[in-house]
Colleague: 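Mind looking over this structure? Questions follow.
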There are 2 protein chains.
Amino acid sequence: MTAVPRKRADARRNEQTLLDAAAAAFVTSGVDAPVRDIAFRAGVGVGTIYRHFPTRADLIVAVYRHQVEACAEAGPALLTDSATPHEALARWIDLFVDFLITKHGLPEALRSGDATFETLHAYFLDRLVPVCDTLLAAATTAGQVIPGVGAYQLLRAVGNLCIGAGSDDRYDPRRMTALLVAGLRAQ
Amino acid sequence: MTAVPRKRADARRNEQTLLDAAAAAFVTSGVDAPVRDIAFRAGVGVGTIYRHFPTRADLIVAVYRHQVEACAEAGPALLTDSATPHEALARWIDLFVDFLITKHGLPEALRSGDATFETLHAYFLDRLVPVCDTLLAAATTAGQVIPGVGAYQLLRAVGNLCIGAGSDDRYDPRRMTALLVAGLRAQ
DNA sequence: TGGTAAACGGAACATGGTTCCGTATGTTGG
DNA sequence: CCAACATACGGAACCATGTTCCGTTTACCA
């Protein structure tokens, strides 16, 4: 038995305060919000942030974990609820897009080669690639989607298409991802 | 007649040296290469860079101007050389993608909301949107492409799909843009 | 209640963009 | 050829941000 020493009360309190502060900062300044801003909002020193969340990726993952889980869990449900596997795929991707475009700077962070965001990248992949793969495989088996496009590549393309969403009303990421999914269709 | 005072010889020389140094730095470190690196390569002080190219965008535009012009001029030629307008569009977009994926960080810069890159963004749009629009219009008129997708939006989507190219061999921007263009096709 | 380890705060450091001004140099009229 | 002037140069200094480190504070437990 490894005795699990419970964290101190102030530490637990600060962790929650930081999550709230970060979530608020992310909304107004995007996921690149300056560390000092987040610390100030939470009323703590910057050292406290780094103690709880060693990298920015850890903080981002913690803030959005619930929403990513929800998106992942929606996959199988859509597969049974939709008329066709291709429709299920399209609807699931819409869900993913809706999540991404409301998080300023998140798609950029997911794509940046920056080692800081490695954890973030890995978490999204671990959680979403298998789901996407299931949907994609179902659609391919049903002969509705051309073979040879992996779940990873598709997700990455969708993520890319969501970059800069909201900063320009002439660009509609939903429309463009829909076009991409249409291109997947076996004619 | 506004007398045009010719620039000093050293200034002209430095401008060319800087262009060469920047081009080299962009190849190895991407278009975000530190200003000090570029200055060092060129053997000048950082002040000299800012005097010749007030923003990074000016430098990037100057370095890639020829290639962008070439891409723009290829549009009309492709339209007459190709079997169908849709094929011309597809080939032109391939050309654009080939240009982008060899310029590390350029697609990212084009999309960043950063005001520093405003000039860059504007230059690409000025030069390429009209060309793309011509191709798109021809394909639409021929009934080969669904209406309602503007040249700006298409170019932006293609640019986005090229972000991070080369950093990950599981992701193929050419393939993804081809899928997007396939999705444009009127069935 | 006192001792200890956990946690905290924020100063200090590293990096990279940007500005500014004293100095050096090309250019031109005499 | 020279002097005087405007142009251009160099790089120190400044600012913004991420990151580290350590002296101080505080929660917990005996």
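Everything numeric here is computed off the predicted structure, so don't read it as measured data. Naming convention: chains lettered A, B, ... in sequence-line order (proteins, then strands); numbering from 1 in each chain.
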Colleague: With sequence neighbours excluded, tell me which residues meet side-chain contact (heavy atoms from CB on, under 4.5 Å) with A:Ala22.
Modeller: A:Phe26, A:Ile38, A:Leu59, A:Val63
Colleague: Quick one: side chains of residues 141-155 of chain B, donor-acceptor pairs under 3.5 Å with protein atoms, not counting sequence neighbours, listed by atom name and distance.
Modeller:
unit_1: B:Thr141; atom_1: OG1; unit_2: B:Ala137; atom_2: O; d: 2.7
unit_1: B:Gln144; atom_1: OE1; unit_2: B:His86; atom_2: N; d: 2.9
unit_1: B:Tyr152; atom_1: OH; unit_2: A:Asp168; atom_2: OD2; d: 2.1
unit_1: B:Gln153; atom_1: OE1; unit_2: A:Asp172; atom_2: N; d: 2.6

Colleague: Please answer whether the main-chain N or O of A:Val44 pairs with a side-chain N or O of A:Thr48 as donor and acceptor at a distance below 3.5 Å.
Modeller: no
Colleague: Return a single string for nucleotides 25-30 of chain D, one symbol per nucleotide in 5' to 3' order, where B is base contact, S is sugar-phosphate-only contact and - is none, cutoff 4.0 angstrom on heavy atoms.
Modeller: -BSS--
Colleague: OP1 or OP2 of D:dA8 less than 4.0 angstrom from a side-chain nitrogen or oxygen of B:Asn14, does that happen here?
Modeller: no
Colleague: Just to be sure I understand the geometry, which residues of residues 21-38 of chain B put a non-hydrogen atom under 4.0 Å away from DNA chain D?
Modeller: B:Arg36
Colleague: Within the structure provided, determine whether B:Glu108 and A:Glu108 are in side-chain contact (heavy-atom separation under 4.5 Å).
Modeller: no
Colleague: Please name all residues satisfying side-chain contact (heavy atoms from CB on, under 4.5 Å) with B:Asp98, sequence neighbours left out, ordered by chain then number.
Modeller: B:Ile101, B:Arg174
Colleague: Is A:Arg65 positioned over the aromatic face of A:Tyr123, cation under 6.0 angstrom from the ring centre and no more than 45 degrees off axis?
Modeller: yes
Colleague: Go through residues 40-61 of chain B and report each residue with a non-hydrogen atom lying under 4.0 Å from DNA chain D, sorted by number.
Modeller: B:Gly43, B:Val44, B:Gly45, B:Val46, B:Gly47, B:Thr48, B:Arg51, B:His52
Colleague: Between CZ of A:Arg8 and CZ of A:Arg13, what distance do you get to the nearest 0.5 Å?
Modeller: 9.5 Å
Colleague: Does A:Lys7 come within less than 4.0 Å of A:Glu15, counting only side-chain N to carboxylate O?
Modeller: yes
Colleague: Taking the side chain as everything from C-beta on, heavy atoms only, tell me whether B:Cys71 gets closer than 4.5 Å to B:Trp92.
Modeller: yes
Colleague: With a 4.5 Å cut-off on side-chain heavy atoms, are A:Tyr50 and A:Val35 touching?
Modeller: yes
